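One structure is given here, and the rest of the page talks about it.
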Amino acid sequence: MIKKLLLFIMIFAFIPASYAESSAALTIDGQTVSFTEAYIYIINAEQEYADVAKYYEDYLDIDYWSLTYANGMTVSQMIKSDVFDQIKSMNAFYAIALENGLSLTDAERASCRTDAENAYQALSVTDAEKIDIDDLSYVFEKQLLADRMYSVFLEN
């Protein structure tokens, strides 16, 4: 079932994609997002819900991903929506950070690289084959800068 979710997200969620350059795999609401960045969020969603889905399937014999909320959306659709929102929010705060002149220090970039390498080592072989370590490091840098900008907004 998790594979069905991933397939659904990958095929249907990113249909409005732009393949103009290899690092810009898709566009979500006008924001260009690399395949690696999108895939990282998908992996996180998969890991976050894996135990719940397994419980529903193994013990209740229910397809967790097709359960329907009161608003008519399935769990799969809601998670897809959440993944899109996370990607959009992070990229928006990253863009605002750049506009405001925020940047990372060399030490912070090095720390992001180390974190990316550790995260890469923790991936399954299948997932690791789909992710470029340099792109992964860049996503960690973007997230750190976006988080910093978000903190500035909270303080104000």
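Every value quoted in this text rests on a predicted model; they were computed, and no experiment measured them.
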**Request:** Would you please test Tyr94 and Met149 for side-chain contact (heavy atoms from CB on, under 4.5 Å) and show each step?
**Result:** CA-CA 7 Å; Tyr94 177 72; Met149 192 71 241; over 6 Å; no

**Asked** Considering only heavy atoms from C-beta outward, does the side chain of Tyr49 approach that of Ile79 to under 4.5 Å?
**Response** yes

**Asked** Can you find a heavy atom in the side chain of Val33 that is under 4.5 Å from one in the side chain of Lys88?
**Response** no

**Message:** Taking the side chain as everything from C-beta on, heavy atoms only, tell me whether Leu67 gets closer than 4.5 Å to Thr74.
**Reply:** no

**Asked** Hey, what do you get for CD1 (Ile40) to CD (Gln143), rounding to the nearest 0.5 Å?
**Response** 9.5 Å

**Request:** Might you confirm whether atom CG of Asp106 has over 12 heavy atoms from other residues, nucleotides or ligands at distances under 6.0 Å?
**Result:** no

**Item:** Atom CG of Asp61: over 12 foreign heavy atoms under 6.0 Å
**Value:** no

**Item:** Any Ile96 side-chain heavy atom under 4.5 Å of Val152 side chain
**Value:** no

**Message:** Between Glu108 and Leu144, is the side-chain contact (heavy atoms from CB on, under 4.5 Å) condition met? List the steps.
**Reply:** CA-CA 9 Å; Glu108 288 172 325; Leu144 180 59; 4.0 Å; yes

**Asked** Does one side chain, of Asp127 or Tyr39, offer a donor that lies under 3.5 Å from an acceptor on the other?
**Response** yes

**Request:** Hey, could you give me the CD1/OG distance between Ile43 and Ser124, rounded to the nearest 0.5 Å?
**Result:** 7.0 Å

**Asked** Minimum heavy-atom separation for Phe140 to Ala119, with atom names?
**Response** CZ-CB, 3.8 Å

**Message:** Any heavy-atom pair between the side chains of Met90 and Tyr41 that's under 4.5 Å?
**Reply:** yes

**Request:** Going by the side chain to side chain contact (heavy atoms under 4.5 Å, CB included) test, name the single residue among Asn91, Ile131, Asp135, Leu136 that passes it with Glu37.
**Result:** Asn91

**Message:** Can you tell me how far apart NZ (Lys130) and CD1 (Ile42) are? Round to the nearest 0.5 Å.
**Reply:** 9.5 Å

**Request:** Determine whether Ser137 and Asp134 make a side-chain contact, defined as any pair of heavy atoms from C-beta on separated by less than 4.5 Å.
**Result:** no

**Asked** What class does the angle between the rings of Phe93 and Tyr150 fall in, given that below 30° is parallel, 30 to 60° is tilted and above 60° is perpendicular?
**Response** perpendicular

**Request:** Taking Ser89 for its side chain and Asp85 for its backbone only, find out whether a donor-acceptor pair lies under 3.5 Å.
**Result:** yes

**Prompt:** Does any donor atom in the side chain of Gln86 or Asn44 lie under 3.5 Å from an acceptor atom in the other side chain?
**Reply:** no

**Prompt:** Are Arg113 and Glu141 within salt-bridge range, i.e. N to O under 4.0 Å?
**Reply:** no

**Message:** Check whether Arg148 reaches the backbone of Ser103 with its side chain - one donor and one acceptor, N or O, closer than 3.5 Å.
**Reply:** yes

**Prompt:** Glu57 versus Trp65: any side-chain heavy-atom pair under 4.5 Å?
**Reply:** yes

**Minimum heavy-atom distance between Ala116 and Ile133, given as atom pair plus value** = O-CD1, 3.7 Å

**Asked** So, are Asp51 and Lys54 salt-bridged, with charged N and O less than 4.0 Å apart?
**Response** no

